[in-house]
Amino acid sequence: MSTDISPIKPPMVERIKDFYWQFERRSIPLGVGCAYFGDADDYRDTLTGDLKLMDRLYSLGLRYFDTSRTYNNSEQAVGEFVSRIDRKTIFLATKSQYPFRRSKDAFSVFCDNFYASFERLKTDHIDLFQIHDTDHFDCCEPQVIPFLLEQQGKGLIDYIGLGTRSLNAHELAILSGHVDSVLSYINYSLLKRSAAHVIGVAKQRGVAFINASVFHFGTIKHPDPLGPDGLGSTDRPAFGFRRRNLRSVAKMQALCREMGVDIAQASLQYSMFNPDIALTLNGIRRDSNIDSTVAAMREVIYPEQWARIYALQAEDPYLYVQDDLL
C-alpha cells in the first residue's frame, strides 16, 4: 500500500534561488518590479510595449516578477505575459493592500482582491502573496493571516509575505513566524541603511528580505537635489529624504562623479551584493532601464572606490534612520 506524501516545501529564501537571474555565468539575486506595466486606465493601451519589455526581460533570463493589485492595471498586463510563457519557469509574486484604517469591509475587500488576482494574472497558482501597504502588522493577524494560511494549505499560494514601508511592521511580521518574506522599499541603498537591522532579523529567522527602490524613484540621480527647483525646495520629504538627507545625496553624487562611477549602478550593486538580502527588485519602465541594468552587472567598481563610498556613508548621522513619510 502506497501513501501519497506531498513534497516538503523549501523555505522561500532557498526556493527563490532557483529563479535568480542567470547572467553571463553568474547567478544574480535580481527580480523585476512590475509597477510600471499596465500603468494606464486601460492596460491594453500600453500592452504592446509592456509585453515587448517583459519578453525581453524573459529572454535575458530574468525569472522573478513582482506585481500588485495596487499598481493600476499591472496584474492584467503581467497576466497577458504569463499566458505567453511556461508558467513554471517564473516565480510570480503579487500583493493586495490591507487598508490603513479599519473598516467594516476591509477584510472582504482583501479577500476579493486575492481571488481576483488569479483571474487577472491568468494563473491558478501564485508563488508569493503579500500583504501590501499596511501601517502595522497587528491588524493583519486576526483575519488576514489565518485567511492566507488557509489558502496556502489549499495550495493556491506557496508563500506569504509583507510589503510595506514600516520597518517596525516588518520586524513584527518576521518575529510572528507567519511570513516567509518581507519587501522593503527606499530603506536600503547607497543613501539609506535604515533597513539594516531588519535585514539581520530576517536572516536570523530564515525569512527572505526583498529590497526595492534602490534608486529612490529617481532621487539618486536628480541633477540638483538641493537647488531651488530640486527635491529639497519644499519641506515635504522627497521619497524618504528630508532636506538634511539631501545634503548627503549631493555629496554622494559628487563623489561618484569624481571617481567616474555611475551612482545608480553602484546602488544596484550595493543591494545585490549584500549576501543577507535574498533578492533586489528593479522596476522597469523602458528599454533603457534594461540596458542600464545589464551595464550595472558588467561594471567593475574597485575596492578602493567602495572604501571611499563607505567612508562617506559613515559621515551621515541619519543613514540608519527611517523618515516617517515619503
Side-chain angles (χ1 to χ4, degrees), residues 6-22 27-34 61-69 75 78 82 87-96 98 114 117-118 121 123-134 137 140-141 144-164 166-167 169-185 187-188 195 197-214 271-282:
S6 300
I8 298 174
K9 180 184 65 177
M12 181 176 153
V13 72
E14 295 297 326
R15 174 61 176 151
I16 59 175
K17 292 179 181 178
D18 295 336
F19 299 90
Y20 280 179
W21 184 18
Q22 302 307 307
S27 185
I28 299 174
L30 185 73
V32 181
C34 299
L62 284 138
R63 291 294 184 267
Y64 189 107
F65 291 81
D66 176 273
T67 183
S68 174
R69 176 70 180 90
E75 281 189 327
V78 173
V82 169
R87 170 66 184 85
K88 295 180 181 179
T89 61
I90 66 168
F91 190 101
L92 185 59
T94 193
K95 320 175 194 72
S96 176
Y98 192 61
F114 175 88
S117 286
F118 291 85
L121 290 168
T123 186
D124 60 2
H125 178 260
I126 293 172
D127 297 291
L128 170 65
F129 200 92
Q130 299 155 105
I131 305 164
H132 198 189
D133 282 346
T134 184
F137 182 70
C140 304
E141 292 193 277
V144 174
I145 289 296
F147 170 78
L148 291 176
L149 288 170
E150 181 182 358
Q151 308 316 309
Q152 189 179 47
K154 293 177 181 178
L156 290 177
I157 60 175
D158 282 342
Y159 302 104
I160 298 168
L162 179 70
T164 191
S166 168
L167 292 171
H170 284 315
E171 185 167 3
L172 290 173
I174 293 167
L175 296 176
S176 76
H178 294 315
V179 302
D180 303 288
S181 70
V182 291
L183 191 162
S184 174
Y185 63 100
N187 284 322
Y188 190 87
H197 170 70
V198 174
I199 292 171
V201 175
K203 180 184 180 182
Q204 292 171 3
R205 295 297 180 114
V207 171
F209 184 93
I210 302 170
N211 194 35
S213 303
V214 298
S271 176
M272 287 190 303
F273 297 161
N274 182 333
D276 297 335
I277 293 177
L279 191 82
T280 297
L281 291 176
N282 189 16

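Atoms considered below: every heavy atom in the structure, side chains included; atoms not considered: hydrogens, waters and symmetry mates. In this text the structure is predicted, and so the values were computed from the model without any measurement.
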Point to revise | Pair Arg87 + Asp127, salt bridge at N-O below 4.0 Å | key: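 So Arg87 pairs with Asp127 through a salt bridge.
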Heavy-atom pair of closest approach, residues [X] and [Y]:
X      : Y      : answer
Ala202 : Phe209 : CB-CB, 4.2 Å
Leu148 : Phe129 : CD2-CD2, 3.8 Å
Leu156 : Asp124 : CD2-O, 4.1 Å
Ser184 : His170 : CA-NE2, 3.9 Å
Cys140 : Ile131 : SG-CG2, 3.9 Å
Phe19  : Lys88  : CE2-O, 4.0 Å

With side chains defined as the heavy atoms from C-beta onward, is the minimum distance between [X] and [Y] less than 4.5 Å?
X      : Y      : value
Ile157 : Phe114 : yes
Val214 : Tyr188 : no
Leu30  : Leu62  : yes
Asp66  : Lys95  : yes
Leu167 : Asn187 : yes
Thr134 : Leu162 : yes
Ser27  : Lys17  : no
Leu128 : Asp158 : no

Return the [atom1] to [atom2] distance between [X] and [Y], rounded to the nearest 0.5 Å.
X      : Y      : atom1 : atom2 : answer
Thr164 : Leu183 : OG1   : CG    : 10.0 Å
Ile145 : His178 : CD1   : NE2   : 6.5 Å
Thr89  : Asp18  : OG1   : CG    : 12.5 Å
Leu175 : Gln204 : CG    : CD    : 9.0 Å

Side chains of [X] and [Y]: do they bring a donor and an acceptor to under 3.5 Å?
X      : Y      : result
Gln130 : Ser181 : no
Asn211 : Thr280 : no
Arg69  : Ser96  : no
His132 : Ser68  : yes
Glu141 : Ser176 : no

Exercise for review: Measure from the side-chain N and O atoms of Thr123 to the backbone N and O of Phe118, and report whether any donor-acceptor pair falls under 3.5 Å.
Suggested key: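 Absent.
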Exercise for review: Using atom types as modelled and distance alone, determine if a side-chain donor or acceptor of Asp180 lies under 3.5 Å from a backbone N or O of Met12.
Suggested key: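 A pair under 3.5 Å: no.
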Check your understanding: Is there a side-chain contact (heavy atoms from CB on, under 4.5 Å) between Thr94 and Leu121 once you walk through the steps?
Key -> CA-CA 9 Å; Thr94 193; Leu121 290 168; 4.1 Å; yes
Exercise for review: For side-chain contact (heavy atoms from CB on, under 4.5 Å), just list the numbers for Leu92 and Val82, CA-CA rounded to whole Å, side-chain angles, deciding distance to a tenth of an Å, and then say yes or no.
Suggested key: CA-CA 9 Å; Leu92 185 59; Val82 169; 4.3 Å; yes
**Study point:** Stepwise side-chain contact (heavy atoms from CB on, under 4.5 Å) test for Lys9 and Gln152
**Key:** CA-CA 11 Å; Lys9 180 184 65 177; Gln152 189 179 47; 2.9 Å; yes
Review point. Which residues satisfy the ring-ring contact (aromatic ring centres under 6.0 Å, His included) test with Tyr64, sequence neighbours excluded?
Key: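 Scan of Tyr64 (ring-ring contact (aromatic ring centres under 6.0 Å, His included), adjacent residues dropped) gives Phe91.
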Exercise for review: Carefully, step by step, assess Ile28 and Met272 under the rule side-chain contact (heavy atoms from CB on, under 4.5 Å).
Suggested key: CA-CA 7 Å; Ile28 299 174; Met272 287 190 303; 3.6 Å; yes
